[in-house]
Amino acid sequence: MLLINKIRENKDAFIQALNKRGFDATEVFDKALQLDQERRATQTRLDEKLAQSNTFSKEIGMLFKNGEVQKANLLKEKTVQLKEQSKELQERLNTLVEELQQVLYTIPNIPNKLVPAGTDENDNEVVFKEGEIPTLFEGALPHWELAKKYDLINFELGVKITGAGFPVYKGKGARLQRALIAYFLDKNTQAGYTEYQVPHLVNEASGLGTGQLPDKEGQMYHVTGDNLYLIPTAEVPVTNLFRGDLLMHNDLPIACTGYTPCFRREAGSYGAHVRGLNRLHQFDKVEIVRIEHPDNSYKALDQMVEHVKEILRELKLPFRILRLCGGDLGFTSALTYDFEVFSTAQDRWLEISSVSNFETFQANRLKLRFKDTNGKNKLAHTLNGSSLALPRVLAGILENYQTPNGIKIPEVLVPYCGFETIE
RNA sequence: AGAGAGGUGGCCGAGUGGUCGAAGGCGCACGCCUGGAAAGUGUGUAUCCCGAUUGCAUCGGGAUCGAGGGUUCGAAUCCCUUCCUCUCUGCCA
């Protein structure tokens with residue numbers, strides 16, 4: 001959520017920046033500023049009434065103390081009208097604050113200068129590319145065929161017990177999943193991220209804190225009986241760990257990692273590219289989250305990108321990094337780098353990680369602040385990234401490492417798997 | 001799920017109707033002490049909003065003691081609702 005006083009100060013610059021998203025903020029800003037102005041005027045009038053009430057109350061107290069009951073009672077009568085007025089003003093103020101909040105919820109984050117203009121994923125900027133795309137043998141298979149051939153993943157069983165998009169991993173497939181999770185967590189903790197195990201269901205306040213609510217209400221599974229949401233990413237519980245906190249400047253930076261399953265309804269996504277592991281309702285992901293001093297957050301973003309790079313290098317997967325254009329940028333993000341692995345058998349790039357800086361957009365909702373060296377309270381910057389999402393990494397490994405005689409396991413994973421090939 | 005207790009500032013913890021934004025401690029900041037540090041010692045130290053003035057410095061006002069509502073001229077303090085925590089009992093990985 002943007003800060004209203006920042007909008008007030010930078011209206012034109014913000015409108016221009018939001019244009020990169022294809023978002024015309026002119027009207028919303030006017031609406032918000034108008035509500036804000038009325039809010040402030042109401043606040044002022046309310047404060048005046050309350051100040052008067054307070055003065056009277058003090059006087060009445062003094063009069064009673066001095067035994068001047070009659071005078072006190074006279075004053076009491078005067079307060080009646082004041083009370084009514086301030087009550088009305090208070091109600092008006094409450095609705096204005098609420099309305100303003102609702103309007104602000106609809107405005108996405110201001111894109112960073114680096115974000116290229118553009119409307120969709122075709123306008124994303126490739127900023128880095130590495131790794132050799134292997135030439136596969138005749139008859140190489142996409143991962144869903146491989147999963148079947150080697151009995152690693154059973155999609156039909158998932159359909160039977162739950163529904164489409166809930167795969168069942170089996171045997172070496174299950175073991176490979178576990179190996180990847182352990183490997184990712186090890187890499188992250190070695191890089192200084194503290195490991196957390198967090199709940200997989202969150203309350204409404206958490207959903208609001210990181211911005212899933214109210215914007216993406218329909219994308220989360222909602223447990224209505226207890227009003228809890230299944231997490232779509234570990235970002236939600238991990239970032240919310242710090243909701244409402246006032247940190248000391250020397251508490252920063254904070255770096256966390258955690259593995260969780262992720263649940264997404266993926267309402268409205270269909271098409272040819274959702275086969276196999278490409279798009280699921282439940283999948284596993286290891287996430288990294290950072291809470292940073294504003295001066296350091298872009299350096300932190302770069303560090304996170306470097307960190308993910310190193311993992312993909314070790315896995316020897318061909319990958320590229322995209323800087324997302326305005327049209328493809330997430331609602332809450334100021335700058336996002338997507339990592340994609342090349343799926344040789346499908347002949348396409350698959351997104352496997354997304355690393356973002358949210359600046360103060362989440363922190364404002366979270367009320368996540370820190371006391372800086374001057375003793376002033378400031379909103380912190382929040383960042384997160386996948387390190388990494390499992391299904392498509394798995395797809396990439398299966399497809400790129402296949403041979404006519406089986407699938408080789410990437411060297412770094414062998415100690416975690418306990419086997420070198422799947423055959 | 002039943003019974004009881006409780007939710008206060010960055011943290012701990014006093015405070016049961018008016019001068020309480022709130023004692024005390026810890027932490028933190030600055031100073032003194034010291035060759036330096038520790039200890040000791042002095043001072044300071046909540047947040048948000050509105051307004052004036054405008055340099056994020058200062059001043060005035062308002063709100064905030066889990067959240068929401070009520071009683072009252074006046075509430076951290078009384079009442080109601082709700083959320084959460086703890087203890088005991090019950091149930092169960």
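Everything numeric here is computed off the predicted structure, so don't read it as measured data. Here is the naming used below: chain letters follow the sequence lines, and residue numbers restart at 1 for every chain.
One interatomic measurement links the two molecules: CG of Leu93(A) to P of C48(B), which rounds to 18 Å at whole-angstrom precision. Whole-Å rounding puts the Leu247(A) CG to A46(B) C1' distance at 16 Å. Computed from coordinates, the Gln37(A) CD to G51(B) C1' distance equals 14 Å when rounded to whole Å. The CG atom of Leu379(A) sits 9 Å away from the P atom of C48(B) (whole-angstrom rounding). The nearest whole Å value for the distance from the CD atom in Gln90(A) to the P atom in A63(B) is 9 Å. Straight-line distance from the CD atom of Glu38(A) to the P atom of G51(B): 14 Å, rounded to whole Å. Rounded to whole Å, the distance from CD on Gln43(A) to P on U64(B) is 12 Å. As rounded to whole Å, 13 Å separates atom C1' of U54(B) from atom CD of Glu9(A).
Separating the CG atom in Leu185(A) from the OG1 atom in Thr257(A) is a distance of 5.0 Å, to the nearest 0.5 Å.
A gap of 14 Å separates the C1' atoms of C65(B) and G6(B), to the nearest Å. With both ends at atom C1', the span from U45(B) to C11(B) equals 14 Å, rounded to whole Å. Only the C1' atoms considered, A67(B) is 37 Å distant from U53(B), to the nearest whole Å. G9(B) and G17(B) are spaced 22 Å apart, taking the C1' atom of each and rounding to whole Å. A distance of about 40 Å separates the C1' atoms of C49(B) and U87(B), rounded to the whole Å. Nucleotides G21(B) and A37(B) have their P atoms positioned 41 Å apart, rounded to a whole Å. Here, G69(B) and G13(B) have their C1' atoms 29 Å apart, quoted to the whole Å. When the C1' atom is used for both A22(B) and A76(B), the distance is 8 Å, rounded to whole Å.
Residue Lys87(A) has a polar side-chain atom (N or O) positioned under 4.0 Å from OP1 or OP2 of G70(B). In this model, the phosphate group of G51(B) is approached by a side-chain N or O of Arg40(A) to a distance below 4.0 Å at OP1 or OP2. Side-chain N/O atoms of Lys49(A) include none lying less than 4.0 angstrom from OP1 or OP2 on G62(B). Contact annotation: Asn203(A) does not reach the phosphate of C84(B) (side-chain N/O to OP1 or OP2, under 4.0 Å). The phosphate of G51(B) has neither OP1 nor OP2 within less than 4.0 Å of any side-chain N or O from Arg45(A).
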Leu176(A) and Leu413(A): side-chain contact (heavy atoms from CB on, under 4.5 Å), yes or no, with the steps?
-> CA-CA 8 Å; Leu176(A) 188 50; Leu413(A) 290 178; 4.2 Å; yes
Check step by step if side-chain contact (heavy atoms from CB on, under 4.5 Å) holds for Phe14(A) and Lys11(A).
-> CA-CA 5 Å; Phe14(A) 278 10; Lys11(A) 186 181 162 190; over 6 Å; no
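Residue-level contact check: Asp245(A) touches neither bases nor backbone, having no heavy atom under 4.0 Å from any strand. Contacts of Leu50(A) with the nucleic acid, taken as non-hydrogen atoms under 4.0 Å apart, involve only primed sugar atoms and P, OP1 or OP2. Among the protein residues, Asn377(A) comes within range of the sugar-phosphate backbone only, with heavy atoms under 4.0 Å from sugar or phosphate atoms but none that close to a base.
Judged by Watson-Crick or G-U wobble contacts below 3.5 Å, the nucleotide A22(B) has no partner. In this entry U81(B) has A67(B) as its Watson-Crick or G-U wobble partner, both defining distances falling under 3.5 Å. With a 3.5 Å ceiling on both atom-pair distances, G74(B) lacks any Watson-Crick or G-U wobble partner. For G17(B), there is no paired nucleotide, since no Watson-Crick or G-U wobble pair has both relevant distances below 3.5 Å. A38(B) makes up no base pair with any nucleotide shown, lacking Watson-Crick or G-U wobble contacts both under 3.5 Å. The partner of C56(B) cannot be assigned: no Watson-Crick or G-U wobble pair with both contacts below 3.5 Å exists in any strand. With both pairing distances under 3.5 Å, U87(B) is matched to A3(B) as a Watson-Crick or G-U wobble pair. The pairing partner recorded for U45(B) is G27(B), the criterion being a Watson-Crick or G-U wobble arrangement whose two distances lie under 3.5 angstrom.
Side-chain atoms of Arg39(A) lie closest to C49(B) of the nucleotides C49(B), G61(B), C73(B). Distance from the side chain of Asn54(A) is smallest for G62(B) among the nucleotides C73(B), G62(B), C49(B). With distances taken from any side-chain atom of Asn94(A) to the nucleotides C50(B), C73(B), G69(B), the minimum falls on G69(B).
A cation-pi arrangement, defined by a distance under 6.0 Å to the six-membered ring centre and an angle within 45 degrees of its axis, is present between Lys172(A) and Phe419(A).
Two residues, Asp47(A) and Thr44(A), neighbour RNA chain B, and the one matched to the more 5' nucleotide by heavy-atom proximity is Thr44(A). The residue among Thr55(A) and Val80(A) whose nearest nucleotide of RNA chain B is located toward the 5' end is Thr55(A).
Using modelled atom types, no side-chain atom of Asn384(A) and backbone atom of Ile288(A) make a donor-acceptor pair closer than 3.5 Å.
The aromatic rings of Phe319(A) and Phe339(A) sit parallel to each other, their planes meeting at less than 30°, with 60° as the upper class boundary. The aromatic rings of His222(A) and Tyr229(A) lie parallel to each other, with less than 30° between the two planes, well short of the 60° mark.
Surrounding CD of Glu9(A) are more than 12 heavy atoms belonging to other residues, nucleotides or ligands, all under 6.0 Å away.
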